[in-house]
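So you know, we letter chains A, B, ... as the sequences are listed, proteins then strands, and number each from 1. The analysis underlying the following values was restricted to heavy atoms, covering all of them including side chains, and did not include hydrogens, waters or symmetry mates.
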Amino acid sequence: MKGLVEVRWHGRGGQGAKTAAQFLAEAALETGKNIQAFPEYGPERAGAPIRTYTRISEKPINLHCGVANPEYVVVIDPTLVTPAVVEGLTDKGVLIVNTKESPDEIRKKTGFKAGKIATVDATQISLDTLGRPMPNMPMLGALVKVVPLVDLDVLSERVKGKFLKKIGEEKTNANIQGIKRAYEEVKVG
Amino acid sequence: MSVIKPITGDQAAAEAMRQIDPDVVAAYPITPQTEIVMNFAQFVADGKVQTEMIHVESEHSAMSACVGASASGARTMTATSANGLALMWEIVYIAASTRLPIVMPVVNRALSAPINIHCDHSDTMGARDSGWIQIYCENNQEVYENIIMAVRIAEHKDILLPVMVCQDGFITSHAVEGVKIYDDRKVKEFIGEYNPKHPLLDIDHPVTYGPLDLQDYYFEHKRQQSEAIKNSLKAIPEVFAEFKKHFGADYDFIETYKLADADVAIVAMSSTAGTTKAVIDELRDQGKKVGLLKPRIFRPFPKEKIVAALSKLKAVAILDRSESFSDQGGPLFTEIRSALLDEAKKPLTVNYIYGLGGRDINMKQIKSVYADLEKIVKDKEAKNLVNYLGVR
């Protein structure tokens with residue numbers, strides 16, 4: 001479909017891959033785009049690898065099938081870095097990984113040859129800002145830096161809107177700080 | 001003022017229920033129930049609706065409580081899915097033949113065994129002979145709007161039948177999309193006050209519901225039920241027209257996509273119709289004359305509209321997301337093929353059973369169906385009547 005962008009998120013149950021996919025979609029919706037966000041449901045258990053998806057489009061989205069060839073892949077959990085995460089990703093695609101390693105090292109591990117690879121230590125960022133290993137929000141910040149799908153301010157506002165009532169001002173600000181730090185610190189190789 | 005909210009198909013259903021604010025909702029609160037009831041229960045707890053929520057011990061009891069509530073004159077709703085609907089079965093029939101205008105969102109999911117929680121249409125297709133009106137939704141917007149319309153359809157004086165509003169399990173029920181939500185006041189205005197015709201609690205006008213009815217009158221009552229579903233073909237368009245007047249959205253029994261000048265077409269319901277539209281856009285760019293027919297309402301069966309839309313085509317593939325084990329194809333196929341049978345000019349028809357237990361139906365598979373149709377037109381025959389798409 002022309003003008004359609006598809007993002008695949010890899011995480012583990014409990015790491016907020018579903019929330020990240022959804023927040024990205026919601027921020028895009030705020031800017032007038034058409035959106036879909038959905039998880040791939042298997043057995044639901046904490047720690048199990050899961051995939052979630054975001055679709056963003058100028059035109060209405062009729063598609064309701066799974067995402068086979070995403071433009072962008074975001075890996076929230078560093079232990080999931082294997083060739084499986086670049087499945088279906090074309091040479092024009094971008095892989096964004098939460099890791100302490102360099103883009104070159106990730107390229108070796110995934111066998112992703114031609115596309116762009118970006119890395120950021122999102123787990124450390126969330127430990128510093130939130131005091132908990134919740135790398136999903138920082139990964140959103142890294143993604144929108146590498147690929148300008150939505151404006152950082154629009155995203156931050158959306159996160160604020162979703163979190164403020166639920167987790168309070170302090171934790172909301174910590175999450176937004178995490179998004180902004182990852183936005184600054186992400187390295188592209 | 002309307003507002004676009006990012007919500008799942010389940011939340012869209014719950015949002016419609018909040019605006020409808022039914023008198024009674026009876027539901028069984030655990031698996032295989034969906035988040036529709038969970039979200040609605042939150043509205044009840046938050047005092048956003050006046051509904052009397054009845055937590056029952058099974059889906060069989062949920063429909064039983066709905067039958068009691070509806071007969072007594074309450075605007076009544078419930079929601080279910082898969083094996084939950086299967087357990088309701090006995091009372092599902094009773095709701096229809098007692099002519100109770102209950103509205104029930106159904107999230108279409110596979111029936112056990114083997115155990116599976118994902119999408120197919122086995123659950124509601126099994127209930128197609130129960131006498132309920134069945135509406136199938138492509139996306140979350142349709143879920144929301146169809147549930148609002150369903151209240152008016154069910155309660156229409158010439159219909160008085162229960163309505164299932166079906167959506168695809170997980171594919172839309174758990175997917176977030178932007179849904180245009182209309183103003184509460186406008187929705188309430190559209191559905192109006194419920195004035196039941198023969199409420200059990202109107203003691204000045206005593207009535208009997210569900211009495212013994214043997215060889216003497218049972219047949220006449222069933223005959224009236226056939227007439228009611230036939231009448232609904234005439235009455236439902238009134239609701240479509242009023243919905244359009246209130247909200248601008250255009251509904252019909254069927255929707256067509258690039259069908260007017262097409263040589264071949266796919267017939268598909270619910271979310272698969274959307275994916276088919278995306279395939280059509282690609283194939284049209286290559287100059288192929290392909291189209292889609294999406295039945296929105298399966299009961300009443302809109303024969304005239306379907307025949308008019310399909311009879312001029314060269315070949316049609318009908319996609320069924322359920323198996324009926326007749327070896328003659330799925331339910332949508334056998335009914336459409338039968339509807340076309342007496343037409344002087346009719347397309348070659350072929351059936352594809354697909355997506356059972358949530359197996360993904362992707363663009364590649366749909367393209368392969370259009371390629372098959374091209375070959376069928378060339379060969380002037382469909383060699384295989386019933387095919388299985390995407391099975392290993």
Side-chain angles (χ1 to χ4, degrees), chain A residues 1-4 6-9 17-45 50-70 87-88 150 154-155 157-159 161-162 165-166, chain B residues 3-11 31 109 115-119 137-142 167-180 255 257-258 268-282 285 292 294 354-355 358-367 390:
Chain A
M1 217 177 112
K2 279 174 226 152
L4 172 74
E6 293 175 315
V7 184
R8 185 172 70 212
W9 302 78
K18 191 178 152 191
T19 307
Q22 192 171 328
F23 281 14
L24 176 66
E26 292 188 11
L29 182 73
E30 295 231 322
T31 61
K33 301 272 174 48
N34 295 282
I35 56 112
Q36 273 179 5
F38 54 99
E40 195 171 84
Y41 278 95
E44 290 173 53
R45 54 192 197 272
I50 60 157
R51 296 171 173 209
T52 64
Y53 304 93
T54 309
R55 282 192 172 113
I56 300 172
S57 168
E58 295 291 338
K59 286 193 281 183
I61 303 169
N62 292 322
L63 279 177
H64 277 104
C65 53
V67 172
N69 297 107
E87 185 193 329
V150 294
V154 174
L155 180 67
E157 276 306 303
R158 189 72 207 167
V159 170
K162 294 290 280 192
K165 246 169 96 180
K166 227 172 169 179
Chain B
V3 48
I4 295 179
K5 288 190 187 174
I7 52 177
T8 63
D10 282 340
Q11 289 169 325
T31 301
R109 301 194 308 195
I115 297 172
N116 182 296
I117 55 165
H118 288 275
C119 175
C137 309
E138 178 185 326
N139 51 41
N140 300 359
Q141 186 69 41
E142 287 193 2
Q167 63 165 310
D168 281 350
F170 291 99
I171 299 166
T172 60
S173 74
H174 287 62
V176 173
E177 296 180 341
V179 179
K180 191 196 233 182
E255 182 194 333
Y257 189 72
K258 302 189 180 174
M269 298 203 296
S270 299
S271 68
T272 306
T275 310
T276 305
K277 288 175 187 171
V279 171
I280 290 170
D281 289 343
E282 278 194 17
D285 284 347
L292 165 79
K294 175 180 90 177
Y354 75 95
R359 175 66 51 83
D360 190 32
I361 170 104
N362 57 35
M363 294 179 76
K364 206 169 135 193
Q365 288 170 9
I366 295 169
K367 275 179 202 163

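At distances below 3.5 Å, not a single donor-acceptor pair connects side-chain atoms of B:S173 with backbone N or O atoms of B:D10. With hydrogens and angles disregarded, a donor-acceptor distance shorter than 3.5 Å links the side chain of B:N362 to the backbone of B:K364. Listed for the B:Q167 side chain is no donor-acceptor partner under 3.5 Å among the backbone atoms of B:N140.
Remark: B:K258 NZ is packed, more than 12 non-hydrogen atoms of other residues, nucleotides or ligands lying under 6.0 Å away.
Interface residue A:Q22: only side-chain heavy atoms are found under 4.5 Å from chain B. With a threshold of 4.5 angstrom between heavy atoms, B:D360 approaches chain A through side-chain atoms but not through N, CA, C or O. Both the backbone and the side chain of B:I171 come within less than 4.5 Å of a heavy atom in chain A. If you measure heavy-atom distances from B:E282 to chain A, the contacts under 4.5 Å come from the side chain alone. With a threshold of 4.5 angstrom between heavy atoms, B:T276 does not approach chain A through any atom at all. For chain B, the nearby parts of A:L63 are the backbone and the side chain; heavy atoms of each come within less than 4.5 Å. Interface residue A:A37: backbone and side-chain heavy atoms are both found under 4.5 Å from chain B. Interface remark: B:E138 contributes backbone and side-chain atoms alike to the contact with chain A (heavy atom separation under 4.5 Å). Heavy atoms of B:N116 lying under 4.5 Å from chain A are absent altogether.
Between A:L24 and A:I56, the closest side-chain pair of non-hydrogen atoms falls below 4.5 Å.
By the salt bridge (charged side-chain N to carboxylate O under 4.0 Å, His left out) test, A:E157 pairs with no residue at all, sequence neighbours left out.
Counting heavy-atom pairs closer than 4.5 Å to chain A, the top residue among B:Q365, B:K277, B:H174 is B:H174.
For the residue pair A:Y53 / A:Q36, no side-chain donor-acceptor distance below 3.5 Å is found, with atom types taken as modelled.
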